[in-house]
Amino acid sequence: MFGLVAVVSLVPAQEHKLWYSRPAETWLEALPIGNSHLAGMAYGGTAREVIQLNEETFWSGGPYHNNSATAYAHLQEVRDSIFAGHEMFAHNTTGKYFVVGPHGMRYLPLGNLTLELGHKDVSDYRRELDLGKALATTSYNYNGVRYERTVFASLADNVIVVQLKAGKKGALTFDVGFNSQLHSKIVATTARGGNGQVNLLSATVDGVEQEGIPAGLKADCKVLVETDGNVKTEFESLHVSDATTATLYVVAATNFVNYHDVSGDAAKKNKETLASLHGKSYKQLLKAHLKKYQDQFNRVSLVLPKSANSGLETDRRVAAFEKNPGDLDLVALMFQFGRYLLISASQPGGQPATLQGKWNDRLNAPWDSKYTININTEMNYWPSDVTNLGETQMPLFAMVKDLGTTGALTARTLYGCGGWVAHHNTDLWRIAGPVDIPGPGMFPTGGAWLSTHIWQHYLFTGDRNFLAEMYPTLKGAADFLLDYLQTDPRTGCLVTVPTVSPEHGPRGTGTPLTAGATMDNQIVFDVLTATQKATHLLHPDATYEQRLAETVAKLPPMRVGRYGQLQEWQQDADDPRDQHRHISHLYGLYPSNQVSPYRYPELFAAAATTLRQRGDMATGWSLGWKINFWARMLDGDHAFKIISNMLHLLPDDSKYNEYPNGRTYPNLFDAHPPFQIDGNFGYTAGVAEMLVQSHDGAIHLLPALPSAWSQGEVTGLRTRGGCVLDMTWADGRLTEARLHATLTAVVRIRSYVPLKGLKVAAGECPNALLAPADVKQPLVSEELKEPSHPNIKKVYEYDLPVKAGKTYRIVSE
Ligand code: FUC
C-alpha cells in the first residue's frame, strides 16, 4: 500500500509565537533576532527602546596562534608517566609546557541602538516574536494613539530593519542613538542628497587587546533613518519629529577578512550594503526576508496538542509547565525555537554559532563566548541535518577547514605529528593549541570530533561533492590520529596519550589526564572508519585503507565495569554516585552509533546504568545531551522527563538561589546557567531523535515516543540515506508516514507496529548510509552480561526501494 501521493498536511501547522504583556527589563527577557552576520536583542521598551547589537566577526585580539614551543621536548616523559600511573606528573608537566597560552580571544558586544520615545503609562501592550516570520513586534496605546514597531534581521539582505508607526498622522517623535561599552565614536549627520535628505548615525567601535594579543579589529555600525517626518541632528543622535512612519536600516561590519587577514574596510563594506538596499521599500525587504527565512523554517512542522496553559504568555507558560506538563504545544514551540535560533545564528558564509549563538551583551562573556569543542559547539549543530537545516552547518565546516590549516602547525609543533589537531577550544582566529588548564585543555580530539560532522552530513545527504570538498580535512584528522596513537604497554592497544575524558577524572589519580579515554576511543573509531570509507569512495588506496583498518582493530574495546556501568576510562574507576555533567563516554550512544540495542544489548544496558547513575538533573546543555541519550535508549518517557526538567523557569541569573532548578529563561534561552545556547540546540535535536532515528541499520519510525504524546504530527524531518519524513500518530501508534526520497536506493524501515504491504527486510542493512557501526565486542564479565534490556521492544523491519524525487506512503496495519 504505498505509492505516489500529494503532500498535504493532515493537521494545520501551528502558529508559534513568544509573547509578553510587558517590555523586557532584563536581557534574558529581550527577544533575539539574527541573520548569522548581525544579531539583535529587542527589549520592546516604550519610554526607551533598546536593541542590543552584535556583529559576528567582532572579537578581541587579532591573528595569533597558541602553539607552545616547549611542549614537544616533554612529550615522551608525559606519555611514559601516564603509562606508569604517575598522572599528576603528566598534569603538572603539561600545565607548565603545553598549556602556556594565550587561552583564546572573546566575542564582543557591538553596542546598543537606542530609541528615546518617552512613552510612559501605555496600555494594551504586547510584544512578540513570531517564529513563522522571524519578526519581532511591539505595539501599545499611548496618549490615545496606537504605536507599532517591527524588527527583523533580514536573511536576504545584510541589514536589521526597524520600523516604527503611529496610528495618528505626525504622532511619532523620538531620538535615535547608539552607545557601546567599548570605546566608540558616534557621528550624526543629515545631508541633502539626490534623493532627499540622508539621515545617518555612524559609529566606530574599537576592539580590545587580550592576553597581549593587540586589538586587530574595529567595528563600524551605521543606521540610516528614512521617515515622512523631520530629522535633525542633536549631538550624537538623530532627532525624528512629527512622523507617522520611520524606518531604520542598521548595518555593521568589521575589518575582518579571515582568521589571518584583517585588512578589510568596515566603513566601505557598510556603505556598499546601504547602497545595495537603495530603492528597496520596507515591504520588498520584508518580503525577501520572509521568502529566504520560510524556505528554511517551513521545511519542518511539529504539532502536539495544546492545553489550557497554551494561551498563557511565554514566561508564565514555562513556569506553569512545571506543575502541569500537559502543555505539549510548548514542547513544540521550544523545538521550533531551536530551529529559529539556528537559522538566525548560522548561515553559509558566516561564522559558526558560539556558546551564546550570536547573542552576547557582555564585555566579558561566560567562557569568552567562544567555541568549546569538547561538546558545546558540536551540540550547536546536532539539529542541523535532522531538522532539515543542512545549510546552517556550513559555517562549522568552514571553521573545520580553517582548523585543518592552523591545527597542522599545532600537530607538528606540539606533538611532531602529521595531519591536524585541535583541543577543547577555538575562536575566531582558529587557535588549535590547548587552553586554560590541563584538565579540560589536554583534549587532543576536539578537532577529530568536529570532523565526524563531515561524515554525518554525508550520511544524511549522500552529497559526494561535499565529501570530496571536505575530504582533505577529514583525512587530516585521521592522519593526526595515526601518528598520535601509542601502544599502551599495559594492554597492547593503541591509545591517545596524553588525553582527558572531558573535564572529568577517574577516582584515584587526582587529574583527568589519562591514556585512551573511552570517548577518545570512540571518536578515533569514527574518524578512522569514516576516512577509510571516504577514501574507498573517492580515492581508493588499498595500503592506506588497510592501515586505517588495522589501527581500528587495535583500539581498546568498550568495557562494562564493576557497577554494570560503561567505563569512562580504561581502568574501572567510575564513581556510581558521581553526577558530573559531562557524560563523555556515552558519545558512543549519541551522537555516535556504537552502542546499538540490537547488536550489543550488554553495552546498551551498561549505558542505561551509567545514565541512571548520573541522574536526571544537570546544567542546561547536559540536559540537552540527556534528552538525546534517552531517545537513543528508546525510552520516550525518560526523554520527556528530561525535557520537563529543562522547562523550568529561571527568571534571571540573579534569581538562581530561589530557582535552583531553573533551566529556561523568560525568552526561552537555555540556562546552563548562565545563558548558553547549546542547550536549546541539544533540546531541538533531542525531540527529533525521539521521533525518528536512522543511525543503526534502519530508519526507525517513532523510536522513543513518550506515552503522554499520544497524538501528533511531524513533517520534514531528515534521515540518513537522504529521506525526508512526515509522520502522524494516534493513541501512541504510528498511523501513517510519507517518505520523500532524495536518493535512489533501498531503505530499511523499522517500526514498532506492522506496516501494510511492505517487503519484509532480509539480511544485512542494504543501504550503506544507514549502516550500523561495526564495533568490537565489548569486554564484560560473565556475571554482568545482560542478554536483553526492557527498552528493546519487538520491531518490524521492511526494505523499501525508493527513487529520488518520489514520495512513498506508509500505513500501519
Ligand atoms: C565546558 C563545560 C561547562 C561549560 C563550558 C562552556 O567547560 O564543562 O559546563 O559549558 O564548557
Side-chain angles (χ1 to χ4, degrees), residues 59-60 95 99 101 103-107 338 341 345 352-360 362 364-382 396 399 422-428 431 433-447 449-450 499-505 511-514 517 519-520 523 568 578-587 591 614-615 617-629 642 645-646 650 653 656 660-665 669-683 685-686:
W59 286 62
S60 66
V99 195
H103 300 281
M105 299 296 115
R106 66 190 194 273
Y107 181 47
L341 291 175
T354 74
L355 283 172
Q356 280 74 24
K358 295 289 164 64
W359 297 276
N360 167 43
R362 303 206 205 166
N364 288 292
W367 295 284
D368 291 332
S369 192
K370 51 185 186 289
Y371 302 105
T372 308
I373 57 175
N374 69 4
I375 173 67
N376 315 88
T377 303
E378 287 88 353
M379 184 177 286
N380 282 359
Y381 288 93
W382 288 348
L396 183 76
M399 179 169 88
H423 293 75
H424 100 295
N425 269 203
T426 188
D427 61 13
L428 183 73
I431 55 157
V435 303
D436 296 347
I437 47 175
M442 290 305 299
F443 179 61
T445 37
W449 187 350
L450 288 173
T499 193
V500 293
S501 189
E503 308 184 25
H504 193 214
T511 170
L513 270 269
T514 191
M519 174 187 242
D520 267 13
I523 291 176
E568 183 163 354
D578 172 2
Q579 303 213 328
H580 199 274
R581 63 193 178 287
H582 285 266
I583 317 180
S584 306
H585 46 315
L586 293 197
Y587 164 92
R614 288 295 174 93
M617 211 33 198
T619 60
W621 64 259
S622 182
L623 288 179
W625 204 351
K626 285 177 183 174
I627 301 170
N628 289 279
F629 283 146
I642 308 287
N645 284 349
M646 202 145 170
L650 178 56
D653 286 338
Y656 182 64
N661 291 330
R663 293 293 180 274
T664 299
Y665 294 110
F669 272 166
D670 173 69
H672 179 294
F675 163 51
Q676 249 179 240
I677 207 160
D678 39 18
N680 288 101
F681 295 138
Y683 173 102

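For the numbers below, each heavy atom of this structure counts, side chains included, while hydrogens, waters and symmetry mates do not. Whatever order the structure lists them in is the order used to number ligands and atoms, beginning at 1.
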Pairing residues for Trp59 by the ring pair (Phe, Tyr, Trp, His ring centres under 6.0 Å) criterion, not counting sequence neighbours: Tyr107, Tyr371

Decide, yes or no, whether a salt bridge links Arg581 with Asp678 under the criterion of side-chain N to carboxylate O below 4.0 Å. no

I need the contact residues for ligand 1: any residue with a non-hydrogen atom closer than 4.0 Å to the ligand, ordered by chain then number. Leu355, Trp367, Thr372, Asn376, Glu503, Arg581, His582, Trp621, His672, Gln676

His424: partners by ring pair (Phe, Tyr, Trp, His ring centres under 6.0 Å), with sequence neighbours left out: none

For the residue pair Trp621 and His582, establish whether any side-chain heavy-atom pair is separated by less than 4.5 Å. yes

Check side-chain contact (heavy atoms from CB on, under 4.5 Å) between Asn364 and all other residues, then give those that pass, not counting sequence neighbours. Arg106

Under 4.5 Å between any side-chain heavy atoms of Leu513 and Val500, yes or no? yes

